[in-house]
Undergrad: 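The structure's right below; bear with me while I get my questions together.
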Amino acid sequence: MLSSPYAPFSPKKQLRFFTSLLNFIRWLDSGKIRGNPFVKPIAKGQPTIDHVTGDKIPKSFVFCRGKLPGVLKQLQMDLRKLMLPYTALNLKEKKRNNLKDFLNVAGPMGVTHFLILSKTNTAPYLRVGRMPQGPTITFKIQDYSLAIDVAQSQLRPRSHKDLFQNPPLIVLSGFGTGEQHLKLTTIMFQNIFPAIHINTVKLSTCQRIVLLNYNKDTKLIDFRHYSIRLQPIGVAGYGSESEVDDEAATVSLPEDLGRVNRASNKSAVKLQEIGPRMTLKLMKIEEGLCSGGVIYSESGDGGSSKNQKSRKDEEDDEEDEEEEDDEEEEEEEDDVE
């Protein structure tokens, strides 16, 4: 028999009590009540300040709002991997987390940008926001391919273990039209990754590149992610200069890189796509973080007040949707019982 205060209960009631308590603990652990998202540190011992410029090193959170199908969940993980090493790869989201919850944990961790995936009945969307006061750029994802799809289309996909130890380079093409919304997009993506300093950068750290190409005719942005590979020319077993394909650039290295790429020899720089791949359409730019006045709208009514939706209204809508989801789950659990 259990001692006080449980002694007055019969053994059957005691069992029911502890079963209910266990279920309650599981319910707390499942994330059905609001709380901050669980985040493992982005990386131990990482610098927060660039030792050359003194600027803050950009870091990111990649997460979703609302329900995402499994394939978009995988796209979310691909984007987290792309943003390595300055991102929270193991960010654990809870159903009741709102934007304020992410803001609360992002500040102490030095996070500078949010990448937020969502989906409507018509299409998925990607929002890129600057912490803590914006702006926020909303893209419609017209088309996408996962990293695994890109790898399966190649005879020899590249998956080097050290590929994600350093951030990628960023290259933007076609954005120099002079239009204000494209200037803002350029600034956003340039600041989402650490700056590269030509005089101090180590070639061994340049292993990936993110390419964004704007097509002024279609007004679409091609988003591609490549690995950078060097192939020595004129070294036995690695091919001759005549065998270098058109996509490769021949360079003379300023320093030795690895065992075979020597400064005394020419090397071919090859890009191999590693994904994910997206085709984006710029839809809207807001002044704040997912809120505020509309600076640019694809529909052309950027100054209209009807397009200015506050963060609180957005969160309230999301909370209502999450409460409906919880009620549906509770009804399903009752049916099971």
Undergrad: Any ion pair linking Lys284 and Glu298 (charged N to carboxylate O, less than 4.0 Å)?
TA: no
Undergrad: Is Thr136 reaching over with its side chain to a backbone N or O of Gly288, donor-acceptor style, under 3.5 angstrom?
TA: yes
Undergrad: I'd like to know whether Met83 forms a side chain to side chain contact (heavy atoms under 4.5 Å, CB included) with Phe193, so could you lay out the CA-CA distance, the side-chain angles of the two residues, the decisive distance to 0.1 Å, and finally the verdict.
TA: CA-CA 8 Å; Met83 298 301 295; Phe193 297 108; 3.6 Å; yes
Undergrad: Gln142 and side chain to side chain contact (heavy atoms under 4.5 Å, CB included): which partner among Leu280, Thr218, Thr279?
TA: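 Single side chain to side chain contact (heavy atoms under 4.5 Å, CB included) partner of Gln142 among Leu280, Thr218, Thr279: Thr279.
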Undergrad: Sub-3.5 Å donor-acceptor pair from the side chain of Ser60 to the main-chain atoms of His113, do we have one?
TA: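 Checking the backbone N and O of His113 against the side chain of Ser60, no donor-acceptor pair under 3.5 Å is found.
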Undergrad: Does Arg208 use its side chain to pair, donor to acceptor, with the backbone of Ile274 at less than 3.5 Å?
TA: no
Undergrad: Ring-plane angle category for Tyr296 and His181, please: parallel below 30°, perpendicular beyond 60°, tilted otherwise.
TA: parallel
Undergrad: Are any of the side-chain heavy atoms of Val128 and Phe114 separated by less than 4.5 Å?
TA: no
Undergrad: Go through the steps for Leu115 and Phe61 under the test side chain to side chain contact (heavy atoms under 4.5 Å, CB included), then give the verdict.
TA: CA-CA 6 Å; Leu115 281 75; Phe61 276 174; over 6 Å; no
Undergrad: Considering only residues two or more places apart or on different chains, which pairs with a residue in residues 115-158 satisfy ring-ring contact (aromatic ring centres under 6.0 Å, His included)?
TA: Phe139-Phe189
Undergrad: Give a yes or no answer on whether the side chain of Glu286 reaches the backbone of Ile295 with a donor-acceptor pair at less than 3.5 Å.
TA: no
Undergrad: Do the side chains of Met131 and Leu103 get nearer than 4.5 Å, heavy atoms only?
TA: yes
Undergrad: Any pair with a residue in residues 72-82 that passes salt bridge (charged side-chain N to carboxylate O under 4.0 Å, His left out), sequence neighbours left out, goes on the list, sorted by first then second residue, please.
TA: Arg80-Glu93
Undergrad: Indicate every side-chain donor-acceptor pair of residues 146-156 with a distance under 3.5 Å to a residue at least two apart or in another chain.
TA:
unit_1 : atom_1 : unit_2 : atom_2 : d
Asp149 : OD2    : Leu146 : N      : 3.2
Ser153 : OG     : Val150 : O      : 2.6
Gln154 : OE1    : Gln272 : NE2    : 3.1
Gln154 : NE2    : Glu273 : O      : 2.8

